[in-house]
Protein chains: 2
Amino acid sequence: MAPVLALVGATGAVGTVMIDIINHRETVPWGEIRLIASARSAGKKLTVRGEELTVIELTAEAFDGVDVAMFDVPDEISAEWAPVAAARGAVAVDNSGAFRMDDQVPLVVPEVNADKVGERPRGIIANPNCTTLSMMAALGALHREFELKELVVASYQAVSGAGKEGVDRLYAELEAVAGKPVGVSAGDVRATLESAGLSISDSPFPAPLAYNVVPSAGSYKGDGWYSEELKVRNESRKILGIPDLKVSATCVRVPVVTTHSLAVHATFAREVTVEEAHKVLEAQPTIVLVDDPENNVFPTPGDVVGEDPTYVGRVRQALDFPNTLDFFVCGDNLRKGAALNTYEIAETLAPQLG
Amino acid sequence: MAPVLALVGATGAVGTVMIDIINHRETVPWGEIRLIASARSAGKKLTVRGEELTVIELTAEAFDGVDVAMFDVPDEISAEWAPVAAARGAVAVDNSGAFRMDDQVPLVVPEVNADKVGERPRGIIANPNCTTLSMMAALGALHREFELKELVVASYQAVSGAGKEGVDRLYAELEAVAGKPVGVSAGDVRATLESAGLSISDSPFPAPLAYNVVPSAGSYKGDGWYSEELKVRNESRKILGIPDLKVSATCVRVPVVTTHSLAVHATFAREVTVEEAHKVLEAQPTIVLVDDPENNVFPTPGDVVGEDPTYVGRVRQALDFPNTLDFFVCGDNLRKGAALNTYEIAETLAPQLG
């Protein structure tokens with residue numbers, strides 16, 4: 001019997017992208033797709049692959065008969081309900097941060113460590129943080145060939161990482177400053193936003209993003225580090241299976257709607273040339289190599305948003321660091337960075353279930 | 001006799017900032033200030049320290065009696081005219097790229113290597129590139145204490161690095177996209193700009209900057225590198241006097257009007273703690289330390305633009321790299337990054353001249 005797929009958080013931002021992904025798949029392996037959301041959204045009707053489905057309320061019974069339950073909900077909802085789904089016999093694939101660093105929960109990027117989906121003593125598989133995910137396809141492929149040892153990363157993160165509220169805020173800020181000659185004296189953007197009724201205290205971000213970049217992502221974790229930077233370190237180690245991988249990350253929010261970019265400085269155990277790296281990256285079906293800097297050909301978030309693959313460019317050998325590549329990578333944080341990878345994990349599971 | 005200062009390029013973008021800097025100095029050591037520009041701008045009247053001065057045309061005779069001639073003009077004008085000024089007896093302080101890597105020309109950041117101003121066999125002193133300059137005050141201070149060995153840098157560069165044309169372009173792009181729900185599918189910003197008459201072929205940048213970041217700065221130099229990235233490497237080595245300093249830089253343009261930011265990963269020969277680094281940075285009068293991430297206190301370009309000092313924050317010990325600090329630095333690329341440093345070199349010279 002074809003397996004049953006459930007989507008928890010079907011009406012949220014990532015859930016909406018998830019339905020779009022399911023609708024655009026050539027074929028799906030599911031006998032039934034069940035949409036689940038909070039009581040508030042239950043009863044809503046959504047079209048999935050030409051069929052109108054009614055969203056049902058999140059209860060334990062909602063998971064009866066479900067083989068794979070994808071969770072696109074906040075951490076605390078996942079923490080409570082993923083174990084419930086697992087207890088009812090489903091494999092929970094969770095896109096929150098609740099289980100990522102749990103030793104009993106594999107953290108999976110299918111093109112890197114699909115083999116881990118079978119090791120799930122808690123019946124839960126976690127989907128990585130979007131910033132980490134943006135570079136995993138590329139680093140996984142390069143690691144297989146050249147053995148990754150060290151990683152220095154600086155991010156250029158989109159506001160949709162902070163949800164719809166983040167996107168609305170950026171749109172409102174740009175509208176407030178457009179046509180005004182600001183960004184030329186300290187605090188003039190803040191003042192312009194204030195006088196448009198856009199106080200920073202109402203923003204999901206700790207500083208303006210109009211004509212600005214903000215070196216802060218996530219919550220403060222001590223010793224100078226924000227949570228997003230530690231996630232890049234800890235999740236990269238777990239996904240790649242390199243417990244002693246050296247990682248330093250600086251996460252910076254930029255005025256981009258969707259698609260995270262990363263400047264990556266990666267050191268390998270073995271020698272690596274640009275030509276060899278190109279070959280490895282080109283052989284990976286989920287990567288698009290966009291690398292002809294002489295003709296201004298490189299990835300930018302605005303040319304990648306809405307696309308499934310990870311785009312890689314600006315690949316070059318570090319001049320002073322042996323076995324080291326510098327490159328620039330762009331990935332849609334709502335697609336591969338969230339919904340798409342979760343769905344790919346579910347697809348990987350499908351043949352084993354049902 | 002008090003020395004005579006000349007400003008070549010007095011009517012340009014950096015020249016305008018230079019006059020603002022001179023006007024705001026508490027005292028100046030100059031007996032006379034002479035404004036020089038192209039024939040087109042000659043005759044224009046500008047007020048310097050309360051006195052109305054007439055801009056004179058750039059000729060060899062314009063340098064007669066001049067002790068220090070500051071050049072804020074394009075490379076090719078500097079290449080032609082700085083040697084003329086030197087031949088007439090002036091010390092030329094050049095803010096272009098024409099002489100920076102010339103072995104006979106010192107490359108000076110006064111708080112790092114003021115002692116080099118005396119070693120000028122060609123009568124020329126060069127002012128560094130703005131991206132390099134943004135981190136030099138901090139790195140110079142830290143290098144003196146802890147001995148810098150390696151540098152991995154990612155930049156968040158403002159559009160005014162590309163002159164008035166860059167600023168006008170960003171303003172026009174933001175006006176064209178404001179109020180529109182773009183940045184959500186590949187190329188939708190490009191299409192919006194096109195339909196507003198803002199073709200990319202008319203832009204000083206190779207891709208849109210509205211809702212975007214662009215991993216390209218300067219001209220292509222081969223092997224995957226752009227000129228700005230090589231300048232960061234070569235100029236850092238020369239200024240800091242570390243010929244074998246290991247450097248990898250990725251330079252990225254962001255939709256910020258003015259003030260460059262850099263994510264810096266710096267490895268030293270000696271052990272260094274955050275507390276020690278804070279002490280060193282706080283002791284440097286041209287640095288403002290803004291570093292309380294728990295309370296969202298860190299530098300952002302929007303809070304630094306128009307200010308003279310370099311702002312440093314997010315200082316933390318790299319978790320996996322010994323003797324290594326990660327930090328974030330913001331510096332106004334038109335002030336310390338250009339006009340201010342040039343003027344500070346001139347001030348350093350003043351007591352020796354006239």
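So that the names make sense, note that chain A is the first sequence line, chain B the second, and so on, each numbered from 1.
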For A/Ser261, is it the side chain, the backbone, both or neither that has a heavy atom under 4.5 Å from a heavy atom of chain B? side chain
Using non-hydrogen atoms only, which part of B/Glu229 is less than 4.5 Å away from chain A: side chain, backbone, both, or neither? side chain
B/Phe298 versus chain A, the contacting section by heavy-atom distance below 4.5 Å: side chain
When only pairs under 4.5 Å are counted, which of B/Cys330, B/Ser216, B/Gly313 shares the most heavy-atom pairs with chain A? B/Ser216
Out of A/Pro181, A/Ala186, A/Ala154, which one racks up the most heavy-atom pairs below 4.5 Å with chain B? A/Ala186
Could you check which of A/Arg314, A/Lys180, A/His265, A/Lys221 has the highest count of heavy-atom pairs closer than 4.5 Å to chain B? A/Arg314
Taking the side chain as every heavy atom from C-beta outward, state whether B/Asp320 and A/Glu150 have any pair of such atoms under 4.5 Å apart. no
Between A/Arg233, A/Glu175, A/Arg190, who has the most heavy-atom pairs with chain B when the cutoff is under 4.5 Å? A/Arg233
Scanning both residues in full, the closest heavy-atom pair of B/Pro293 with A/Tyr226 reads O-OH, 2.7 Å
Under a 4.5 Å cutoff for heavy-atom pairs, which residue among B/Ala176, B/Ala172, B/Ala178 has the most contacts with chain A? B/Ala178
Name the region of B/Ile200, side chain, backbone, both or neither, that has any atom closer than 4.5 Å to a heavy atom of chain A. neither
Check each atom of B/Glu294 against the heavy atoms of chain A and say whether the ones under 4.5 Å are side chain, backbone, both or neither. both
Does any backbone or side-chain atom of A/Phe327 lie under 4.5 Å from a heavy atom of chain B? Answer side chain, backbone, both or neither. neither
Return the option, out of A/Ala263, A/Ala210, A/Gly306, A/Ser185, with the maximum number of heavy-atom pairs under 4.5 Å with chain B. A/Ser185
Does the side chain of B/Leu319 reach to within under 4.5 Å of the side chain of A/Asp223, using non-hydrogen atoms? no
Within a strict 4.5 Å, meaning less than it, do heavy atoms of the A/Val252 and B/Phe328 side chains meet? yes
Main-chain N/O of B/Tyr156 paired with A/Tyr156 side-chain donor or acceptor, under 3.5 Å: no
Working for side chain to side chain donor-acceptor pair (under 3.5 Å), residues B/Arg316 and A/Thr250: CA-CA 10 Å; B/Arg316 56 219 195 271; A/Thr250 299; 2.8 Å; yes
Interface check, chain A: of B/Leu230, B/Val177, B/Val182, most non-hydrogen pairs under 4.5 Å belong to B/Val182
Could you tell me which portion of A/Thr273 (side chain, backbone, both or neither) has an atom closer than 4.5 angstrom to a non-hydrogen atom of chain B? neither
Is it the side chain or the backbone of A/Ala318 that comes within 4.5 Å of chain B heavy atoms, both, or neither? both
Pair count under 4.5 Å, heavy atoms only, with chain A: among B/Lys246, B/Gln317, B/Glu307, highest is B/Lys246
Could you tell me which portion of A/Leu262 (side chain, backbone, both or neither) has an atom closer than 4.5 angstrom to a non-hydrogen atom of chain B? neither
Need one label for A/Arg335: side chain, backbone, both or neither, based on atoms under 4.5 Å from any heavy atom in chain B. neither
A side-chain contact here means heavy atoms from C-beta on lying under 4.5 Å apart; do A/Asn296 and B/Tyr220 qualify? no
Is chain B contacted by the side chain of A/Val247, its backbone, both, or neither, given a heavy-atom distance below 4.5 Å? both
Please rank B/Leu209, B/Asp188, B/Asp326 by heavy-atom pairs under 4.5 Å with chain A and give me the top one. B/Asp326
Can you tell which of A/Val184, A/Val254, A/Asp291, A/Val189 has the highest number of heavy-atom pairs within less than 4.5 Å of chain B? A/Val184
Contact leader toward chain B among A/Ser219, A/Ala158, A/Pro299, A/Gly179, where contacts are heavy-atom pairs under 4.5 Å: A/Gly179
Identified side-chain contact (heavy atoms from CB on, under 4.5 Å) partner of B/Thr300 from the options A/Pro208, A/Pro215, A/Pro206: A/Pro215
Is the shortest side-chain heavy-atom distance between B/Val305 and A/Tyr211 below 4.5 Å? no
